[in-house]
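By convention in this document, chain letters (A, B, ...) are assigned in the order of the sequence lines, proteins followed by strands, and residues within each chain are numbered from 1.
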There are 2 protein chains.
Amino acid sequence: MKDVALAAGVSLMTVSRVVNGDRGVSPQTTARVEQAVSRLGYQRNDNASHLRRKAQTTRTIGLVVDDLANPFYATLARAVEDEAYRRGYLVLVSSTNDDPRREREVVLAFSARQVDGLIVVPTAGSHSLLKAQMAQGMPVVCADRPARGLDADTVTVDNRDATRKAVTHLLAHRHRRIAYLGDQRDIWTLRERFAGYQEALRAHGVELDPGLVRHGLRSRAEAAQAVAELMSRQAPPTALFSSNDLITVGAIDGLGAPLPRVALVGFDDFPLADRLPRPVTVVSQDPATIGGTAAQLLFSRIDGYQAPPRSVVLMTRFIARGSGEIPPP
Amino acid sequence: MKDVALAAGVSLMTVSRVVNGDRGVSPQTTARVEQAVSRLGYQRNDNASHLRRKAQTTRTIGLVVDDLANPFYATLARAVEDEAYRRGYLVLVSSTNDDPRREREVVLAFSARQVDGLIVVPTAGSHSLLKAQMAQGMPVVCADRPARGLDADTVTVDNRDATRKAVTHLLAHRHRRIAYLGDQRDIWTLRERFAGYQEALRAHGVELDPGLVRHGLRSRAEAAQAVAELMSRQAPPTALFSSNDLITVGAIDGLGAPLPRVALVGFDDFPLADRLPRPVTVVSQDPATIGGTAAQLLFSRIDGYQAPPRSVVLMTRFIARGSGEIPPP
DNA sequence: TCACGATCCGACAACGATGACGCTGCTCGC
DNA sequence: GCGAGCAGCGTCATCGTTGTCGGATCGTGA
């Protein structure tokens with residue numbers, strides 16, 4: 001900037017005014033400065049600019065997800081990014097692998113970089129840190145899951161209700177031995193889904209058989225293994241409810257070929273679910289809408305909206321494709 | 001920081017030293033300062049810190065991909081992010097939708113934020129801007145595709161060769177009417193793949209039938225439509241080569257049910273390709289390795305490695321699963 | 001001719017932090 | 001008893017930019 005000022009024969013302040021398009025600079029001077037800018041390839045240092053600017057804002061938000069490689073979070077992230085782009089904001093992204101320690105590090109690093117707000121898919125741990133950040137005025141929005149004990153804007157789906165309906169669907173097809181295939185039980189979404197499973201059974205007077213419940217399935221392979229074990233029981237389940245897309249696919253692996261006569265309903269839709277030998281009945285949620293909504297909530301806070309936290313619950317869609325409509329043998 | 005200094009009864013510089021873990025502060029003073037820090041919830045402003053620091057570095061890199069919601073780029077991004085995390089770097093991410101204008105905006109914005117380096121999946125346009133950035137000392141690595149006319153480190157796969165082998169595989173199964181289903185032709189990877197297709201045909205003395213070539217398929221639906229049209233020709237193709245995962249899936253849609261006797265080989269592996277009614281033969285590439293390698297190249301430059309640009313070509317894997325091994329009628 | 005507002009532009013301080021250097025005491029050796 | 005050396009800490013300048021204020025210049029109308 002100094003070089004530009006020198007080259008154009010003006011002061012730093014005038015360069016600043018030209019670069020920012022402020023009024024009060026004559027067309028001739030503007031032209032001289034602009035020429036110097038392009039000749040020297042000058043670019044403003046936004047960090048320094050934000051440091052001094054009146055509106056203490058960096059036009060950057062932070063996004064913290066479980067795993068960016070997971071299509072669900074990737075889609076959510078893309079929606080956040082688009083919303084940010086429309087407003088001229090940049091996005092810092094990080095995955096946590098559901099590790100509270102990594103979440104902590106990342107949130108601190110983002111906050112030290114002076115992000116204007118955070119969208120977080122909270123890990124299962126405690127959130128005193130997020131609480132502290134909010135107390136210091138950092139806008140925070142939780143996406144996909146609420147953070148335990150944190151009064152923040154939240155965007156989730158009706159996990160429990162959707163699961164209850166899905167399991168009820170299986171019960172209506174006269175299934176009674178319905179297995180539950182769950183991911184880590186300490187994640188909120190999965191607690192909710194399991195609760196929905198329990199409620200559906202209870203509502204139909206079916207006693208929960210602990211032998212048919214598997215938690216903590218962290219991969220496609222683990223899910224396949226669990227299903228293989230379940231199917232080799234003396235009284236195998238006649239239907240499966242799987243609590244996310246990865247587990248649904250693993251369950252299909254575990255059923256093997258030829259496909260036994262077992263009903264299957266999964267949480268999360270996934271590509272090609274409709275093209276498999278037995279098209280899969282699913283509960284579908286829309287990560288793009290979750291991300292977009294979270295971003296809108298965040299920006300409303302950044303723009304100064306003051307009110308008690310809002311909780312947006314998005315509806316899921318039940319899509320019957322065949323695998324969930326198989327009656328028991 | 002001023003408040004902390006006041007509370008601890010020391011100068012700003014001492015607070016700075018304690019916060020940075022510099023030596024030369026007595027244990028008592030350190031304790032007093034640390035107490036004040038935690039009592040006031042003080043966090044250093046990294047942007048201001050980077051402004052003054054000797055090593056003019058922000059410990060932030062920029063990642064510019066085509067579409068973050070695409071699992072391929074999401075996986076690539078995750079690998080970049082992990083490499084960055086291991087080194088204590090943060091990642092700014094943006095999608096371009098293959099729009100050169102948006103790419104330009106994003107690169108400028110990242111550079112104005114003083115990122116220490118850029119990993120870019122270049123759009124099809126010209127790259128004078130990237131060139132200018134590199135000339136000013138910004139380390140740049142191209143991932144997935146090279147940028148036309150840009151001498152930068154590059155990580156790609158053997159697109160042309162892999163396609164030649166895939167099409168040769170079909171030719172070896174006595175196919176002669178092999179359709180090419182292509183994405184936008186101005187993207188480098190797709191030009192390479194089409195070139196590989198042409199080379200394989202030529203090597204086998206098969207004349208290219210322009211009626212069997214479709215470029216510019218941008219979605220699953222468009223691919224399905226194109227395949228439906230191809231199959232209704234008087235002399236329909238006996239085999240299809242599809243140039244990416246999206247198009248492969250669209251092609252399967254377009255073939256309809258029951259599946260006609262048409263061979264299919266696709267570029268890119270995708271989840272469940274092995275579980276479809278007719279398991280799909282594919283050329284598989286590994287986006288995580290592409291991203292990880294790109295990040296390593298970038299950090300070597302950031303660490304001061306000086307040498308002519310390197311071009312890393314990763315191998316693809318041909319996976320025969322059945323759909324590519326069907327002979328012509 | 002002169003007062004006066006408008007326009008254009010520069011000087012100075014400041015944003016939050018660190019680099020360089022210098023000032024205090026204290027210890028130690030001779 | 002005195003200077004050297006060092007640990008501990010503060011002062012000042014500075015990173016690149018912008019907010020504030022005021023000075024210079026000009027045209028205009030009385």
Side-chain angles (χ1 to χ4, degrees), chain A residues 1-37 40-60 108-116 136-138, chain B residues 1-37 40-60 108-116 136-138:
Chain A
M1 186 155 165
K2 222 179 331 193
D3 299 340
V4 172
L6 202 67
V10 296
S11 74
L12 289 177
M13 200 54 225
T14 300
V15 177
S16 172
R17 279 192 268 253
V18 171
V19 167
N20 289 296
D22 289 0
R23 314 172 307 126
V25 184
S26 73
Q28 298 95 304
T29 309
T30 303
R32 268 212 325 284
V33 171
E34 279 173 348
Q35 203 197 333
V37 163
L40 298 178
Y42 167 75
Q43 267 187 273
R44 184 179 61 187
N45 180 330
D46 278 355
N47 288 341
S49 166
H50 293 138
L51 185 61
R52 185 62 177 97
R53 261 181 202 295
K54 197 73 173 192
Q56 281 285 5
T57 165
T58 57
R59 302 189 81 74
T60 305
L108 279 173
F110 283 4
S111 143
R113 290 288 202 301
Q114 313 295 115
V115 296
D116 294 340
Q136 305 226 349
M138 171 81 73
Chain B
M1 185 155 166
K2 220 175 339 191
D3 298 340
V4 172
L6 201 69
V10 296
S11 75
L12 288 176
M13 199 57 221
T14 300
V15 177
S16 172
R17 279 192 267 256
V18 170
V19 167
N20 289 295
D22 290 0
R23 313 171 308 127
V25 183
S26 74
Q28 298 94 304
T29 310
T30 302
R32 264 213 329 283
V33 172
E34 278 173 348
Q35 203 197 331
V37 163
L40 299 178
Y42 167 75
Q43 265 187 278
R44 185 179 61 184
N45 180 331
D46 278 355
N47 288 341
S49 167
H50 294 138
L51 186 61
R52 187 65 177 96
R53 260 180 202 293
K54 196 72 173 192
Q56 280 288 2
T57 166
T58 56
R59 302 190 81 74
T60 305
L108 279 173
F110 283 4
S111 145
R113 292 288 203 296
Q114 312 296 111
V115 295
D116 294 340
Q136 305 224 351
M138 170 82 72

Engineer: Quiz question: going by heavy-atom distance under 3.5 Å, is there a donor-acceptor pair between the base of D/dG16 and the side chain of B/Arg52?
Structural biologist: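 Counting by modelled atom types and ignoring angles, no donor-acceptor contact under 3.5 Å is found here.
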Engineer: Rounded to the Å, how far apart are B/Gln56 CD and D/dC15 P?
Structural biologist: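 Nearest whole value for this atom pair: 10 Å.
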Engineer: Whole Å only: how far is the CG atom of A/Leu6 from the C1' atom of D/dG16?
Structural biologist: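 Rounded to the whole Å, the gap is 16 Å.
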Engineer: Using a heavy-atom cut-off of 4.0 Å across all strands, would you classify B/Arg44 as base, sugar-phosphate, or nothing?
Structural biologist: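 It contacts sugar-phosphate atoms only.
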Engineer: Send over the distance from B/Arg53 CZ to C/dT18 P, rounded to a whole Å.
Structural biologist: 5 Å
Engineer: From CE of B/Met13 over to P of C/dT18, roughly how many Å is that when rounded to an integer?
Structural biologist: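 B/Met13 atom CE is separated from C/dT18 atom P by 7 Å.
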Engineer: Could you check whether B/Asn47 gets within reach of a base, just the sugar-phosphate, or nothing at all, counting any heavy atom under 4.0 Å?
Structural biologist: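 It contacts nothing in the nucleic acid.
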Engineer: Closest approach to the side chain of B/Met1, judged atom by atom: which nucleotide of D/dT11, C/dT18, C/dC8 is it?
Structural biologist: C/dT18
Engineer: Kindly point out which of D/dC15, C/dC9, D/dC9 is positioned nearest to the side chain of A/Lys2?
Structural biologist: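 Looking only at side-chain atoms, A/Lys2 lies closest to D/dC15.
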Engineer: Regarding A/Val15, tell me which of base, sugar-phosphate or nothing describes its non-hydrogen contacts under 4.0 Å with the strands shown.
Structural biologist: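 Contact class for A/Val15: none.
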Engineer: Strictly below 4.0 Å: does B/Ser11 bring a side-chain N or O up to OP1 or OP2 of D/dG10?
Structural biologist: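 Answer is yes, contact under 4.0 Å.
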Engineer: C/dC8, OP1 or OP2 - any side-chain N/O from A/Thr14 closer than 4.0 Å?
Structural biologist: no
Engineer: What nucleic acid atoms does A/Val19 come within less than 4.0 Å of, heavy atoms only: base, sugar-phosphate, or nothing?
Structural biologist: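 The residue A/Val19 makes no contact with any strand.
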Engineer: Taking the side chain as every heavy atom from C-beta outward, state whether B/Leu51 and A/Leu51 have any pair of such atoms under 4.5 Å apart.
Structural biologist: yes
Engineer: Remember a base hit wins even if backbone is also touched, and classify B/Asn20 as base, sugar-phosphate or nothing at under 4.0 Å, heavy atoms.
Structural biologist: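 Sugar-phosphate: the residue B/Asn20, judged by heavy atoms under 4.0 Å, touches backbone atoms but no base.
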Engineer: As a test of understanding, state which of B/Thr58, B/Asn20, B/Asp46 forms a side chain to side chain donor-acceptor pair (under 3.5 Å) with B/Arg53.
Structural biologist: B/Asn20
Engineer: Rounded to the nearest 0.5 Å, what's the gap from OG1 on A/Thr60 to CG on B/Asn47? Could you check?
Structural biologist: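 If we round to the nearest 0.5 Å, A/Thr60:OG1 and B/Asn47:CG are 8.0 Å apart.
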Engineer: Roughly how many Å is it from NE2 in B/His50 to C1' in D/dT14, rounded to a whole number?
Structural biologist: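 Distance check: B/His50 NE2 to D/dT14 C1' gives 17 Å.
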Engineer: Would you say a side-chain N or O of B/Ser26 is under 4.0 Å from OP1 or OP2 of D/dC9?
Structural biologist: yes
Engineer: What is the distance from CG of A/Asp22 to C1' of C/dG10, rounded to the nearest Å?
Structural biologist: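 One finds 15 Å between C1' of C/dG10 and CG of A/Asp22, rounded.
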Engineer: What is the distance from CG of B/Leu51 to C1' of C/dG19, rounded to the nearest Å?
Structural biologist: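 Going from CG in B/Leu51 over to C1' in C/dG19 covers 13 Å.
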Engineer: Would you classify A/Gln43 as touching base, sugar-phosphate or nothing, given that sugar-phosphate means primed atoms plus P, OP1 and OP2, and contacts are heavy atoms under 4.0 Å?
Structural biologist: sugar-phosphate
Engineer: Between the base of D/dG8 and the side chain of B/Arg23, is there a donor and acceptor pair under 3.5 angstrom?
Structural biologist: no
Engineer: What is the distance from NZ of A/Lys54 to P of C/dG16, rounded to the nearest Å?
Structural biologist: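 So the two atoms are 12 Å apart, to the nearest Å.
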